[in-house]
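What follows is a short report on a single structure.
First listed ligand is number 1; within each ligand, the first listed atom is number 1. What you see below is based on every heavy atom in this structure, not just the backbone, and it leaves out hydrogens, waters and symmetry mates. We're numbering straight along the sequence, starting at 1.
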Amino acid sequence: MHRFWSTLGFPKSGVGATDNTLTGSNTFPELLANSGELITFYDRNYRLTHSTARFKALRGPTVTEGASLFDLYPGLAAGEARVALEQVLVDGQSNAINVTSGSNREGMVLVFVTAAGLGLVELTDGIAITAATKAEHSKLLHQATHDVLTGLQNRQRFSERLNEILATNDNVRERSALLQIDLDDFKSVNDTLGHATGDALLKLAANRIRSVLQDGDSAFRYAGDEFAIVQYGKDASDAEIVAQALVESFKAPFIINDMPLFVGASVGIAYGPQHGAESSELMKAADIALYAAKRDGRGCVRVFNRSMLLLLEQRENLRRNLRLALERKELDLEYQPLVHASGQIVGFEALVRWNHSEIGLIPPNVFIPIAEADGLMDDIGRWVLEEACRQAKTWPDTLSVAVNLSPAQFLGGSLTDTVAQVIDSSGIRADRLELEITESVLLEQTVDNLDTLNTLNVLGIRISLDDFGTHYSSLSYLKNFPFDSLKIDQYFIKDLDIDGKSQTIVRAIIGLAHGLDMMVTAEGVETARQAEWLIKEGCDLLQGHHLGRAMSAERARVFASKAGASLNFRQRIR
Ligand code: C2E
Ligand code: MG
Ligand code: MG
């Protein structure tokens with residue numbers, strides 16, 4: 001007896017009945033839900049009214065009420081099969097019909113009459129799953145498990161695969177490696193060049209990831225610009241070889257709309273079961289390694305080790321304490337002199353320090369990124385501005401004060417108000433305040449930030465472009481915004497004496513700035529020879545240990561008030 005009859009609980013002859021209230025122990029809904037058969041019911045227009053859960057499961061979401069019997073079984077649409085089908089409706093006798101056509105598998109269906117129309121049960125299991133529907137199935141399956149944009153496997157598959165291999169990961173030889181990948185500066189591309197460019201970049205990036213895979217590796221995209229590679233049963237060195245090849249492959253530009261874009265990749269590696277026997281543990285370890293790769297200058301590979309956890313804990317600790325630093329008055333400003341080529345001190349740059357009660361002095365390069373990430377930069381930035389202006393008010397009024405702004409201070413939208421209020425309350429002349437920004441400010445939210453800079457400019461505040469030459473150095477910024485000065489990064493100054501290339505670059509920046517009516521400051525001037533060379537080339541202002549290190553507010557005040565200070569500097573410079 002075919003399984004169908006036993007499901008329904010009555011002998012084969014009983015199916016000839018003309019209503020669909022099936023007898024036996026099964027109610028109709030139970031039959032649909034529990035039958036192991038592929039059964040469908042249709043109205044007299046051959047439109048689907050009901051089907052068993054198993055049929056739905058096999059055919060997927062294309063099975064909806066109203067679907068045509070002939071779409072589901074194209075083999076019944078014409079020829080002898082169609083004649084036999086119609087005959088069932090005419091004489092009320094159930095009939096086993098042979099279905100063959102095109103790509104259909106050959107097989108038998110039993111068609112029977114019901115009160116509403118027809119019922120159909122597959123006697124040869126799976127005839128309806130034609131080649132076409134199989135293709136559709138695999139397409140649906142692909143969509144459910146792959147990222148539409150890049151075609152890589154998606155987050156869901158990632159978790160499944162990771163759990164899968166960790167479950168079999170019971171000896172060291174069968175170790176697995178998780179490579180967590182993050183693109184450097186993807187956000188800037190997305191923000192400045194738009195999402196279409198961002199998407200194009202992600203696709204190209206996915207291709208580069210594919211290109212470095214070894215046999216058996218799987219690659220995934222599981223969020224924004226976050227990718228992963230999973231390796232299984234290989235040597236540890238294989239993961240590092242793949243990671244290194246990946247970082248290398250990201251050094252070539254991505255060409256999008258004929259424009260070359262440079263976007264690097266950082267990779268963090270963790271090994272299972274050594275660094276994590278559970279997927280969440282392994283992911284955390286790889287993430288920590290990725291964080292270390294980013295911190296160590298991006299575009300590099302780091303393998304997880306326990307000491308990274310320690311660093312992370314320290315950072316967490318700093319993060320918690322930083323919130324209290326302002327309240328506890330642990331922040332402090334130092335002032336580094338800015339000296340004119342003539343030897344005259346023209347002002348000071350305010351540099352923030354954190355005097356942690358237990359750790360001691362923490363440099364800004366360590367805590368400012370934390371403050372930015374934690375949304376504390378608005379408060380810290382405001383305090384720096386207030387404090388710097390308050391101190392400058394005590395200096396001779398020919399001296400200016402330069403304050404660094406972080407990109408995060410541009411995000412809240414209240415920067416211009418804050419600056420205007422601080423100028424007002426401190427009583428300092430607006431043209432004595434200079435704000436230093438880096439190119440990253442212009443990379444993000446370009447239009448809004450340019451508006452902000454223009455408003456600040458209208459207030460009479462001077463704006464300088466800090467660390468020029470090391471980041472994008474896009475000349476379009478110089479065309480779009482009238483900076484008062486460019487500060488050449490110390491990277492080009494430190495080897496001026498020995499490197500002809502640095503000389504050429506510095507000479508070119510000086511020429512460029514002067515051509516655009518901007519002043520030029522050289523940062524990090526450490527020797528008399530560097531100072532001499534810079535002055536000979538026409539550099540306007542110098543800053544660096546040779547001219548003076550950053551000093552306390554107290555010392556800066558004394559320094560600033562000494563009438564002869566400029567003479568001392570002239571000696572130092574010449
Ligand atoms: P920056 O604005 O480029 O500041 C110059 C940095 O170079 C300072 O480091 C300064 O002490 C150092 N420096 C000056 N002369 C020399 C020299 O001759 N040789 C060498 N090797 N270094 C020299 P510092 O104080 O550690 O500040 C680092 C960076 O932190 C600053 O770079 C600036 O970007 C940021 N920063 C400092 N204070 C603030 C602040 O209040 N707000 C914001 N947003 N950023 C700040
Ligand atoms: Mg600066
Ligand atoms: Mg600088």
Side-chain angles (χ1 to χ4, degrees), residues 322 325-326 330-339 347-355 361-392 400-412 415 418-419 422 433-441 444 449 462-471 473 483-497 509 519-531 534 539 541-553 556 572-573:
L322 189 52
L326 266 179
E330 291 180 344
L331 294 186
D332 201 6
L333 291 186
E334 286 193 328
Y335 300 87
Q336 186 174 32
L338 289 152
V339 181
F348 294 87
E349 175 176 358
L351 297 162
V352 68
R353 273 91 185 83
W354 177 10
N355 237 317
L361 206 64
I362 302 171
N365 297 343
V366 172
F367 72 84
I368 285 184
I370 302 176
E372 286 179 335
D374 266 23
L376 297 172
M377 212 43 226
D378 262 347
D379 288 348
I380 293 179
R382 187 185 176 110
W383 177 84
V384 170
L385 205 58
E386 281 169 350
E387 180 62 15
C389 288
R390 198 172 65 81
Q391 289 294 340
S400 63
V401 64
V403 172
N404 293 283
L405 291 184
S406 113
Q409 290 172 264
F410 282 77
L411 295 178
L415 181 64
T418 305
V419 174
V422 171
L433 176 62
E434 178 159 337
L435 297 175
E436 297 192 1
I437 64 158
T438 54
E439 281 172 289
S440 41
V441 164
E444 289 166 25
N449 289 358
R462 284 178 296 144
I463 313 279
S464 58
L465 189 54
D466 203 358
D467 303 342
F468 187 73
T470 48
H471 298 285
S473 310
F483 288 101
D484 294 281
S485 68
L486 285 190
K487 298 188 76 172
I488 308 175
D489 197 273
Q490 42 184 287
Y491 176 78
F492 300 105
I493 309 297
K494 66 174 190 276
D495 55 4
L496 263 188
D497 297 345
I509 298 178
M519 302 262 274
V520 191
T521 308
E523 299 183 292
V525 182
E526 290 183 346
T527 67
R529 283 186 64 185
Q530 289 166 351
L534 285 160
C539 184
L541 300 169
L542 311 184
Q543 179 181 9
H545 293 166
H546 179 64
L547 296 311
R549 291 179 181 254
M551 56 189 87
S552 68
R572 282 208 181 194
I573 287 169

Spell out, as yes or no, whether a donor-acceptor pair under 3.5 Å connects the side chain of [X] to the backbone of [Y].
| X | Y | answer |
| --- | --- | --- |
| Gln409 | Leu415 | no |
| Asp489 | Gly469 | no |
| Glu526 | Lys494 | no |

**Item:** Within-2.8 Å protein N/O/S contacts of the Mg ion (ligand 3)
**Value:**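 Checking every protein N, O and S atom gives Asp466 OD1, Asp467 OD1, Glu523 OE1, Glu523 OE2.
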Heavy-atom distances under 4.0 Å are what count here, so tell me which part of [X] touches ligand 1: side chain, backbone, both or neither.
| X | answer |
| --- | --- |
| Gln336 | side chain |
| Lys487 | neither |
| Asp467 | side chain |
| Glu334 | neither |
| Asn404 | both |
| Ile380 | neither |
| Ala550 | neither |

**Message:** Starting from atom 32 (O) of ligand 1, what is the nearest protein heavy atom, named by residue and atom, and what distance separates them?
**Reply:**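 For this ligand atom, the closest protein heavy atom is Asp466 OD2, 4.7 Å.
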**Asked** Of all the non-hydrogen atoms in the protein, which one sits nearest to atom 18 (O) of ligand 1, and at what distance?
**Response**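 Answer for atom 18 (O) of ligand 1: His545 N, 2.7 Å.
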**Request:** Scan the protein's non-hydrogen atoms and note whether one is under 4.0 Å from atom 44 (N) of ligand 1.
**Result:**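 Within 4.0 Å of atom 44 (N) of ligand 1, protein heavy atoms are found.
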**Message:** I'd like to check atom 26 (O) of ligand 1 in this structure: does the protein have a heavy atom lying under 4.0 Å from it?
**Reply:**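 Under the 4.0 Å cut-off, atom 26 (O) of ligand 1 does have protein heavy-atom neighbours.
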Looking only at distances, can you tell me whether any N or O atom of [X], backbone or side chain, sits closer than 3.5 Å to an N or O atom of ligand 1?
| X | value |
| --- | --- |
| Gln543 | no |
| Glu523 | yes |
| Ile368 | no |

**Prompt:** Which N/O/S atom belongs to Glu349 and is the closest one to the Mg ion (ligand 2)?
**Reply:**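 When I compare the N, O and S atoms of Glu349, OE2 is nearest to the Mg ion (ligand 2).
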**Item:** Any residue meeting side-chain hydrogen bond (donor to acceptor under 3.5 Å, both in side chains) with Gln336, in chain and number order, not counting sequence neighbours
**Value:**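 Applying side-chain hydrogen bond (donor to acceptor under 3.5 Å, both in side chains) to Gln336 gives Gln543.
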**Prompt:** Are any of the side-chain nitrogens in Glu349 or Lys487 under 4.0 Å away from the carboxylate oxygens of its partner?
**Reply:**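 Looking at Lys487 together with Glu349, the answer is yes, because their closest N to O distance falls below 4.0 Å.
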**Prompt:** How many angstroms lie between CD1 in Ile463 and OG in Ser485, if you round to the nearest 0.5 Å?
**Reply:**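 Nearest 0.5 Å value for the CD1-OG distance: 10.0 Å.
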